[in-house]
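This chain uses plain numbering: 1 for the first residue, then up along the sequence.
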Amino acid sequence: MGANAQILRTQVGIVGGGPAGLMLSHLLAKAGIENIVVESRDHETIRHTHRAGILEAGSVKMLTDTGVDGRVLTEGDEHAGIDLRFNGESHPLDFKDLVGATVTLYAQNEVFVDLAAARRRDGGDVRYECAVTEVLDLETTTPKFRFADKAGAQFEVHCDILVGADGSRSFCRHAVKGEQDYKIEYPFAWFGILTEAPKSAPELIYANSPHGFALISQRSETVQRMYFQCDPGENVDNWSEDRIWDELQKRVDGPDGFQLKRGPIFDKTVLGFRSFVREPLSHGRMFLAGDAGHTVPPTGAKGLNLAFADVKVLFEAIDSFYSTGSDALLEGYSDLALQRVWKAQNFSYWMTSMLHTRNDASPFERKRALGELATVTGSRYGQQYLAESYTGWPHK
């Protein structure tokens, strides 16, 4: 970057303008802490990137209590449980009864829309279509990052604290070498669809079948999201609507005659599965939050909720830094955030392995998984463990 780069000075520089970066920016601004957010994508691309979203009560509370918008309450769909379906039979889990908690179905791109609107309303400095080219001086008291806007203008941000909230392909994370990365690739993916159809059932259905896993999820009263387990290399163009519906139906078939409600399919995608954790989530004065630091398979509905949990811990640490002058909470951020991350990794791995069937699984492994499902659904304690993990642990 040339010497003619414009210098921008702020307290907290945030790379990444998805839900994690925008929520942190919102919380910081409410506390009077200046920040700049730089995002590589444009607003409309993020807005129209369909991502499922199941929000824990703690995540809903973060949105509503901090004055983002009440749309999550009016447009979101509160759910008090899920349905585990195996051997062709349904086993409802009532979260409200089991642990006194619910979740809210609210798409991740809608969360983005609400947060982006709140930052615009409050005069936040959020810059879209900006490519970060370098992060530097992370181990000093003035970390920096450089970026170019869509017109080619060059900028260098000087800040006290730099936050990488730039997603699973994080530039910030890749800029730091020599840290410990933990990861696992799963041997399957999800074939996901969006369809114009009414709901097939009151609650989400997680199905284990001899043909593989299926999730009958929802989006609204008229649009539904569904998935079935597939090969990671599957080509969506090879699947006609009739073939997709037949595949989904055979994975939920049972003696009760349950039938999916069909409609036109307007979106098809293959979603790869992997778990990843970077340790530590900090390097000098740079801190990673959300998918930049860790990813989970979607089976446990933890991704966005983990990002918000990171943001809560990090915001409290930054707020303490400015109000007391102590960096003790900043130094403890990674350890505290990772406690929840690894609990979520365990839960997501457990749900994934219990509900999916590997192509090379032996008959013993298939029967063992059914025994595990029967154990969980046949025990109130087993149901409570799943319900507590799914609806979210208390925020520390």
Side-chain angles (χ1 to χ4, degrees), residues 52 82-91 93 168-169 180-193 204-217 225-240 242-255 258 260 268-278 291 294-303 341-379 382 385-386 389-390:
I82 60 170
D83 190 343
L84 289 180
R85 189 171 174 88
F86 57 98
N87 291 328
E89 297 179 346
S90 287
H91 302 264
L93 273 65
S168 59
R169 296 180 177 87
Q180 179 67 58
D181 289 342
Y182 299 89
K183 53 190 170 184
I184 181 173
E185 296 279 347
Y186 294 86
F188 39 74
W190 277 4
F191 192 116
I193 65 163
L204 277 62
I205 300 171
Y206 288 75
N208 172 306
S209 85
H211 307 286
F213 170 79
L215 170 58
I216 310 306
S217 185
R225 180 173 281 282
M226 303 182 190
Y227 303 91
F228 62 86
Q229 176 185 339
C230 69
D231 185 273
E234 194 64 69
N235 184 351
V236 297
D237 294 332
N238 294 336
W239 288 77
S240 67
D242 285 344
R243 185 185 177 196
I244 290 170
W245 283 117
D246 290 347
E247 188 66 34
L248 282 164
Q249 182 60 50
K250 75 181 183 181
R251 298 188 187 202
V252 296
D253 275 339
F258 174 73
L260 296 172
K268 299 185 289 187
T269 186
V270 172
L271 183 65
F273 263 42
R274 71 183 187 120
S275 290
F276 170 86
V277 181
R278 159 65 61 90
D291 286 358
H294 44 77
T295 59
V296 290
T299 327
K302 285 285 156 266
V341 168
W342 280 112
K343 287 171 71 173
Q345 289 288 3
N346 174 64
F347 175 65
S348 300
Y349 182 92
W350 174 65
M351 286 280 283
T352 300
S353 60
M354 180 170 64
L355 289 163
H356 292 71
T357 304
R358 298 193 327 273
N359 288 335
D360 62 348
S362 68
F364 176 90
E365 289 174 293
R366 295 171 191 258
K367 297 289 281 187
R368 188 214 60 78
L370 293 173
E372 188 170 21
L373 282 161
T375 301
V376 171
T377 56
S379 161
Y385 167 71
L386 193 155
S389 300
Y390 195 98

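His211 has its side chain out of reach of Asp253: every pair of non-hydrogen atoms, C-beta onward, lies at least 4.5 Å apart. For the pair Phe347 and Met351, the minimum side-chain heavy-atom distance is below 4.5 Å. With a 4.5 Å cut-off on side-chain heavy atoms, Leu373 and Leu355 count as touching. In this structure the side chain of Ile216 never reaches within 4.5 angstrom of the side chain of Arg85, judged on heavy atoms. Residues Tyr390 and Leu93 form no side-chain contact, since every pair of their non-hydrogen atoms from C-beta on lies 4.5 Å or further apart. By the 4.5 Å heavy-atom criterion applied to side chains, Val376 and Tyr385 are not counted as neighbours.
With rounding to the nearest 0.5 Å, the separation of NZ in Lys343 from NZ in Lys302 is 10.5 Å. Here the CH2-CD distance, from Trp245 to Gln249, works out to 9.5 Å after rounding to the nearest 0.5 Å. Atoms CD1 and OG, from Ile193 and Ser217 in turn, are 11.0 Å apart once rounded to the nearest 0.5 Å. Here CZ of Phe276 is found 9.5 Å from OG of Ser168. Values are rounded to the nearest 0.5 Å. Rounded to the nearest 0.5 Å, atoms CG (Asp83) and CD (Glu89) are 11.0 Å apart. Expressed to the nearest 0.5 Å, how far CE of Met226 lies from CZ of Arg251 amounts to 14.0 Å.
Partner of Tyr227 under the side chain to side chain contact (heavy atoms under 4.5 Å, CB included) criterion, out of Leu215, Leu248, Val270: Leu215 alone.
Contact between Val277 and Gln345 at its shortest, heavy atoms only, is CG2-NE2, 3.3 Å. Nearest heavy-atom pair, Tyr206 versus Thr299, reported as atom, atom and distance to 0.1 Å: CE2-O, 3.5 Å. Shortest non-hydrogen contact noted between Arg366 and Asn359 is NH2-O, 3.9 Å. Between Gly303 and Val296, the shortest heavy-atom contact is N-CG2, 3.8 Å. For the pair Phe86 and His91, the tightest heavy-atom approach, listed with the atom from each and the gap, is CE2-CD2, 3.2 Å. Of all heavy-atom pairs between Leu271 and Ala189, the closest is O-CB, 3.2 Å.
Between Phe213 and Trp190, the two ring planes are parallel [angle under 30°; tilted spans 30° to 60°].
Judged by distance alone, the side chain of Glu247 and the main-chain N or O of Ile244 form no donor-acceptor pair under 3.5 Å. Judged purely by atom type and a 3.5 angstrom limit, Asn208 uses its side chain to pair as donor or acceptor with the backbone of Met354. Ser353 contributes a side-chain N or O that, together with a main-chain N or O of Trp350, makes up a donor-acceptor pair within less than 3.5 Å.
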If you apply the rule salt bridge (Lys or Arg N to Asp or Glu O under 4.0 Å), what do you find for Asp360 with Arg358, and how did you get there?
CA-CA 5 Å; Asp360 62 348; Arg358 298 193 327 273; 2.8 Å; yes
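Residues passing the side-chain contact (heavy atoms from CB on, under 4.5 Å) test with Tyr186 are Ile184, Phe188, Phe273, Ser275, Pro297, Tyr349, Thr352, sequence neighbours excluded. Checked against side-chain contact (heavy atoms from CB on, under 4.5 Å), Arg243 has the following partners two or more places apart in sequence or in another chain: Asn238, Trp239, Ser240.
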